[in-house]
Amino acid sequence: YHGIDLESFYPKEKNKHILQKLNLKESDLIILSISNLIPIKNVDLAIEAFEKIATNAIDRRTFLLIAGDGSQKEELIKLANSKGLSNRVIFLGSINAEQIPDYISIADICIGMSLKDNMNRSVLEPMACGKAVVAFSGGSIEKLITTGYNGFLAKRGDVLDFADKLKVICDNSELRGAIGKNARNTIISKRSWSTRIKQELSVYDQLIKEDR
């Protein structure tokens, strides 16, 4: 049960230094994945879904940023190249924990590709930063995200459905803003450290009462 540090993860302006380093513009549409590059995280599906929206994004520079490292890195680079996306998919490598909020700041949308359960920090931290999130359904994430309100959940493992939901958010900046605001409020009310501690203390209180 992850508690999110709201003092570190909060809405902030796009980090211009990072944008400059990556040769990106503030007007670019940026999709960010923050996961280890290992099979269970299914980052390959992010590239598959991105391909389906990138080919139609002619009027706007659209990029997929993949943070993290792992056993699948070379395989994922080859996959992006094979789809002609080498200039649109940027591999960031490992990012220090303290830098993650700044990288989240430059993203318009963050994604979670795990098919097991996306109730992890790579989804929750961007939500705390007020970012619109798209993830696969399944597991406890369905108790937190309501599609169209504080994020979008695609059918588990359905790349086409994921791409469709991604496109909806890409095409509507007002919707991104509204979802991001609701996502932030959701984390504050349900996943902050203070909320988590209160829930743990309530368990201890209940055990003490039962013991008595």
Side-chain angles (χ1 to χ4, degrees), residues 14-95 99-100 102-116 118 120 122-123 126 131-138 147 151-173 175-176 179-180:
K14 291 189 175 186
N15 187 296
K16 294 181 180 180
H17 174 71
I18 293 177
L19 288 172
Q20 185 178 18
K21 181 176 70 172
L22 298 175
N23 197 28
L24 297 173
K25 303 176 182 178
E26 289 190 53
S27 58
D28 292 338
L29 185 69
I30 297 173
I31 301 166
L32 176 65
S33 168
I34 307 173
S35 295
N36 291 324
L37 308 187
I38 55 178
I40 195 173
K41 296 300 184 179
N42 302 293
V43 179
D44 58 316
L45 300 184
I47 297 173
E48 298 281 357
F50 179 70
E51 178 192 22
K52 300 184 184 307
I53 67 165
T55 52
N56 297 320
I58 300 174
D59 59 337
R60 187 173 188 180
R61 283 168 36 112
T62 307
F63 297 90
L64 170 62
L65 273 56
I66 297 177
D69 207 346
S71 61
Q72 282 194 309
K73 183 174 182 179
E74 293 304 319
E75 178 182 335
L76 292 170
I77 291 174
K78 289 179 181 178
L79 177 62
N81 291 342
S82 71
K83 294 182 176 297
L85 297 172
S86 58
N87 62 336
R88 298 248 201 159
V89 178
I90 301 173
F91 289 87
L92 302 174
S94 296
I95 296 175
Q99 291 183 305
I100 290 177
D102 289 325
Y103 277 89
I104 292 176
S105 77
I106 71 171
D108 298 285
I109 303 166
C110 292
I111 57 177
M113 309 304 296
S114 176
L115 300 181
K116 183 177 181 181
N118 279 296
N120 51 57
S122 62
V123 167
K131 299 299 180 179
V133 165
V134 183
F136 282 122
S137 61
T147 293
F152 272 80
L153 294 179
K155 297 175 185 176
R156 187 180 179 191
D158 190 332
V159 174
L160 289 176
D161 189 43
F162 195 99
D164 286 343
K165 287 179 167 56
L166 197 56
K167 187 177 186 304
V168 168
I169 304 182
C170 285
D171 292 344
N172 193 327
S173 60
L175 179 61
R176 288 199 303 274
I179 286 178

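In this text the structure is predicted, and so the values were computed from the model without any measurement.
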Completion exercise
Output for pair (I109 CD1, S33 OG), nearest 0.5 Å, gives 13.0 Å
Handout entry: Value rounded to 0.5 Å, distance of OG in S105 from NZ in K16
Key = 11.5 Å
Exercise for the section: Specify the closest pair of heavy atoms between I18 and I106, including all atoms of both residues, with the distance to one decimal. Expected result: CG2-CD1, 3.8 Å
Handout entry: Approximate separation, where rounding is to 0.5 Å, of F136 CZ and R156 CZ
Key = 10.0 Å
Handout entry: Heavy-atom check, side chain of C110 versus side chain of V123, under 4.5 Å
Key = no
Fill in the blank from the handout: For N15 and H17, the nearest pair of non-hydrogen atoms, with its separation, is OD1-N, 3.1 Å
Compile the donor-acceptor pairs under 3.5 Å between side chains in residues 19-28 and protein atoms, sequence neighbours left out, one pair per line.
{"from": "K21", "atom 1": "NZ", "to": "Y103", "atom 2": "OH", "distance (Å)": "2.8"}
{"from": "D28", "atom 1": "OD1", "to": "R61", "atom 2": "NE", "distance (Å)": "2.8"}
{"from": "D28", "atom 1": "OD2", "to": "K25", "atom 2": "N", "distance (Å)": "2.7"}
{"from": "D28", "atom 1": "OD2", "to": "R61", "atom 2": "NE", "distance (Å)": "3.4"}
{"from": "D28", "atom 1": "OD2", "to": "R61", "atom 2": "NH2", "distance (Å)": "2.9"}

Problem - pair I179-L175: side-chain heavy atoms closer than 4.5 Å - result: yes
Handout entry: Side-chain heavy atoms of N36 within contact of D69, under 4.5 Å
Key = no
Problem - N/O donor-acceptor pair under 3.5 Å between R176 side chain and I169 backbone - result: yes
Practice task
Flag the pair L64 / I47 as yes when at least one side-chain heavy-atom distance between them is below 4.5 Å, and no otherwise.
Solution key: yes
Problem - Residue pair L32 / P126, side-chain heavy-atom distance below 4.5 Å - result: no
Problem - Nearest-0.5 Å distance, NZ of residue K78 to OG of residue S86 - result: 15.0 Å
Problem - T62 side chain vs A54 backbone, donor-acceptor pair below 3.5 Å - result: no
Problem - Full working for side-chain contact (heavy atoms from CB on, under 4.5 Å) between F162 and L45 - result: CA-CA 9 Å; F162 195 99; L45 300 184; over 6 Å; no
Exercise for the section: Calculate, to the nearest 0.5 Å, the distance between atoms CD and CG belonging to Q99 and D102 respectively. Expected result: 7.5 Å
Exercise for the section: Kindly say whether A154 contributes a backbone atom to a donor-acceptor pair with the side chain of S137 at under 3.5 angstrom? Expected result: yes
Practice task
Considering only NZ, NE, NH1 and NH2 on the basic side and carboxylate oxygens on the acidic side, decide whether K83 and E48 come within less than 4.0 Å.
Solution key: yes
Exercise for the section: Kindly indicate whether the side chain of I34, heavy atoms from C-beta on, has any atom under 4.5 Å from the side chain of I104. Expected result: yes
Problem - L37 and I66, any side-chain heavy atoms less than 4.5 Å apart - result: yes
Practice task
Might you work through the side-chain contact (heavy atoms from CB on, under 4.5 Å) test for I53 and C170, ending with a clear yes or no?
Solution key: CA-CA 9 Å; I53 67 165; C170 285; 3.9 Å; yes
Completion exercise
CG (N42) and CG (L115) are apart, to the nearest 0.5 Å, by 4.0 Å
Handout entry: Partners passing side chain to side chain donor-acceptor pair (under 3.5 Å) against D158 (at least two apart in sequence or in another chain)
Key = none
Problem - Polar side-chain atom of N118 near backbone of S114 as donor-acceptor pair, under 3.5 Å - result: yes
Exercise for the section: With side-chain contact (heavy atoms from CB on, under 4.5 Å) as the test, would you mind laying out the steps for V133 and F152 before giving the verdict? Expected result: CA-CA 6 Å; V133 165; F152 272 80; over 6 Å; no
Handout entry: Residue pair I31 / D108, side-chain heavy-atom distance below 4.5 Å
Key = no
Exercise for the section: Evaluate the criterion side-chain contact (heavy atoms from CB on, under 4.5 Å) for residue pair L79 and N81; output intermediate values, then yes/no. Expected result: CA-CA 5 Å; L79 177 62; N81 291 342; over 6 Å; no
Exercise for the section: State whether the side chain of D161 and the backbone N or O of K155 hold a donor-acceptor pair below 3.5 Å, judged by distance alone. Expected result: yes
Problem - Whether over 12 other heavy atoms sit under 6.0 Å from I40 CD1 - result: no
